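I have placed the structure first, in the form of structure tokens, so that the comments after it can refer back to it.
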Amino acid sequence: MSQRERELTALKELHQAEIARAVTHGLNPDAPMRDSGIPWLGQIPAHWSELKLSQVATEFFRSNKDVHHQNLLSLSYGKIVRRDINATEGLLPASFDTYQIVEPGIIVLRLTDLQNDQRSLRVGLAKEEGIVTSAYLALKPRESILPEYLYLFLHTTDIHKYFYSLGSGIRQNLNFSGLRDIKVALPPIEEQQAIVDYINCKTAKIDGLIADLSAQIEKLKEYKQRLIADAVTGQIDVRK
């Protein structure tokens with residue numbers, strides 16, 4: 001691994017650490033703490049609540065069958081991104097009638113094949129209306145929790161690989177009934193907003209550095225491949 005790739009890994013770890021620290025401990029370092037009762041979480045501020053996921057979110061499903069929405073979305077590396085619905089490459093169905101519609105603020109989780117894939121980021125937040133595969137689980141936050149905060153909490157749960165201990169079946173899949181009792185650490189709504197704002201500010205700077213470094217690494221890889229190709233085709237005299 002090159003020095004730049006090590007730096008990129010360190011930045012990504014810093015990105016995750018900033019999110020985890022704020023979501024699990026809040027922004028006040030002097031706040032009294034207590035045990036959360038959540039195995040991977042440890043201590044949380046004493047004034048926070050602990051609720052089941054089913055108390056802060058409901059399962060959400062809107063069929064695309066009679067709507068024929070054309071804005072195709074997909075969960076990729078923990079983000080909801082657009083895909084070309086007319087693309088010929090990749091595994092896309094002939095019809096999108098079986099897909100589901102999501103809207104801004106919906107949490108999307110891909111909780112299939114947990115046994116064979118323990119590296120993917122499995123939680124995303126929809127920021128626009130579109131369609132996703134019905135294999136995804138969609139959640140609608142209740143009024144007591146901000147969508148952005150619930151996403152960050154579930155993202156941190158995902159980073160700690162907690163979902164993998166809950167899966168069932170041969171391919172280790174999860175549905176809402178398997179998630180409903182997951183505990184969510186819940187600050188007051190004003191504190192949720194402060195945590196979301198803090199994380200957005202902090203991670204925006206880190207994301208900028210990650211993007212710059214990733215671009216440098218890609219350029220170096222392209223240069224390396226071009227150099228190898230030139231040597232193989234005789235455009236460079238390797239005898240020198």
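Treat the numbers as computed from the prediction; the structure is a model and nothing was measured. All heavy atoms count here, side chains included; hydrogens, waters and symmetry mates do not. Numbering starts at 1 and runs along the sequence shown.
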(message) Could you tell me if the side chain of Y149 sits less than 4.5 Å from the side chain of V23, heavy atoms only?
(response) yes
(request) Answer with yes or no whether the hydrophobic clustering places V132 together with L72; edges join I, L, V, M, F, W, Y residues whose side-chain heavy atoms lie under 4.5 Å apart. (result) no
(request) Please report the shortest heavy-atom distance between F176 and L53, naming the atom on each side. (result) CE1-CD2, 4.4 Å
(message) Walk me through whether L125 and L152 qualify under side-chain contact (heavy atoms from CB on, under 4.5 Å).
(response) CA-CA 9 Å; L125 174 64; L152 291 168; over 6 Å; no
(request) Please check if the side chain of Q55 supplies one atom and the backbone of R142 the other of a donor-acceptor pair under 3.5 Å. (result) no
(message) I'd like to know if V196 and I106 are part of one continuous hydrophobic network [Ile/Leu/Val/Met/Phe/Trp/Tyr, side-chain heavy atoms within less than 4.5 Å].
(response) no
(request) For S76 and V81, indicate whether the former's side chain and the latter's backbone hold a donor-acceptor pair under 3.5 Å. (result) no
(request) Please report the closest heavy-atom contact between H25 and M33, naming both atoms and the distance. (result) CD2-CE, 3.2 Å
(message) Please tell me whether L121 and L154 are part of a single hydrophobic cluster in this structure, the criterion being side-chain heavy atoms less than 4.5 Å apart.
(response) no
(message) Using every non-hydrogen atom in the two residues, find where T24 and A20 come nearest and quote the distance to one decimal.
(response) OG1-O, 2.5 Å
(request) Please answer whether the main-chain N or O of R34 pairs with a side-chain N or O of Q43 as donor and acceptor at a distance below 3.5 Å. (result) no
(message) Ignoring hydrogens, what is the shortest heavy-atom contact between F96 and N64? Give both atom names and the distance.
(response) O-ND2, 3.0 Å
(request) Locate the shortest heavy-atom distance separating G26 from I195; write the atom from each residue and the value. (result) CA-CD1, 4.2 Å
(message) Taking the ring centre of each residue, are W40 and F153 less than 6.0 Å apart?
(response) yes
(message) Would you say that V102 contacts L73 through its side chain, given a criterion of any heavy-atom pair below 4.5 Å between the two side chains?
(response) yes
(request) Heavy atoms only: give me the nearest P188-W48 pair and the separation to one decimal. (result) CD-CD1, 4.4 Å
(message) Return the CD1 to CD1 distance between I189 and I145, rounded to the nearest 0.5 Å.
(response) 7.5 Å
(message) Regarding E129 and H69, do their side chains bring together a donor and an acceptor under 3.5 Å, going by distance alone?
(response) yes
(message) Does R62 form a side chain to side chain donor-acceptor pair (under 3.5 Å) with Y99? I'd like the steps, not just the answer.
(response) CA-CA 9 Å; R62 282 178 60 200; Y99 274 47; over 6 Å; no
(message) If the threshold is 4.0 Å, N to carboxylate O, is there a salt bridge linking R122 and D158?
(response) no
(message) Is the shortest side-chain heavy-atom distance between I107 and L109 below 4.5 Å?
(response) yes
(message) Quick one, F60 and L137 - any side-chain contact, counting heavy atoms below 4.5 Å?
(response) no
(request) Measure the CD1-CD1 distance between I19 and I159 for me, rounded to the nearest 0.5 Å. (result) 7.5 Å
(request) Keeping the roles fixed (side chain from E191, backbone from L27), state whether a donor-acceptor pair exists under 3.5 Å. (result) no
(request) Rounded to the nearest 0.5 Å, what's the gap from CD1 on I131 to OG on S63? Could you check? (result) 10.5 Å
(message) Can you tell me how far apart CG (L139) and CZ (R180) are? Round to the nearest 0.5 Å.
(response) 11.0 Å
(message) Contact between I182 and Y162 at the side-chain level, heavy atoms closer than 4.5 Å - yes or no?
(response) yes
(request) Taking only Lys NZ, Arg NE, NH1 and NH2, and the carboxylate oxygens of Asp or Glu, determine whether E59 and K140 approach each other closer than 4.0 Å. (result) no
(message) For a 4.5 angstrom cut-off between non-hydrogen side-chain atoms, does L186 reach V56?
(response) yes
(message) Assess whether a salt bridge exists between K127 and E148, defined as any Lys/Arg side-chain N lying under 4.0 Å from an Asp/Glu carboxylate O.
(response) no
(message) Looking at E128 and R82, is there a salt bridge between them, counting it only when a charged N and a carboxylate O are closer than 4.0 Å?
(response) yes
(message) I'd like to know if the side chain of D113 and the backbone of N173 have a donor-acceptor N/O pair within less than 3.5 Å.
(response) no
(request) State whether the side chain of D197 and the backbone N or O of N200 hold a donor-acceptor pair below 3.5 Å, judged by distance alone. (result) no
(message) Measuring only between side-chain heavy atoms, which start at C-beta, is L51 closer than 4.5 Å to K183?
(response) no
(request) For E18 and K202, indicate whether the former's side chain and the latter's backbone hold a donor-acceptor pair under 3.5 Å. (result) no
(message) A side-chain contact here means heavy atoms from C-beta on lying under 4.5 Å apart; do F61 and I101 qualify?
(response) no
(message) Quick check: is V108 connected to Y151 through a chain of hydrophobic side chains (ILVMFWY, heavy atoms under 4.5 Å apart)?
(response) no
(request) May I ask whether L114 and Y136 are part of the same hydrophobic cluster, defined by side-chain heavy atoms of I, L, V, M, F, W, Y residues being less than 4.5 angstrom apart, directly or through others? (result) no
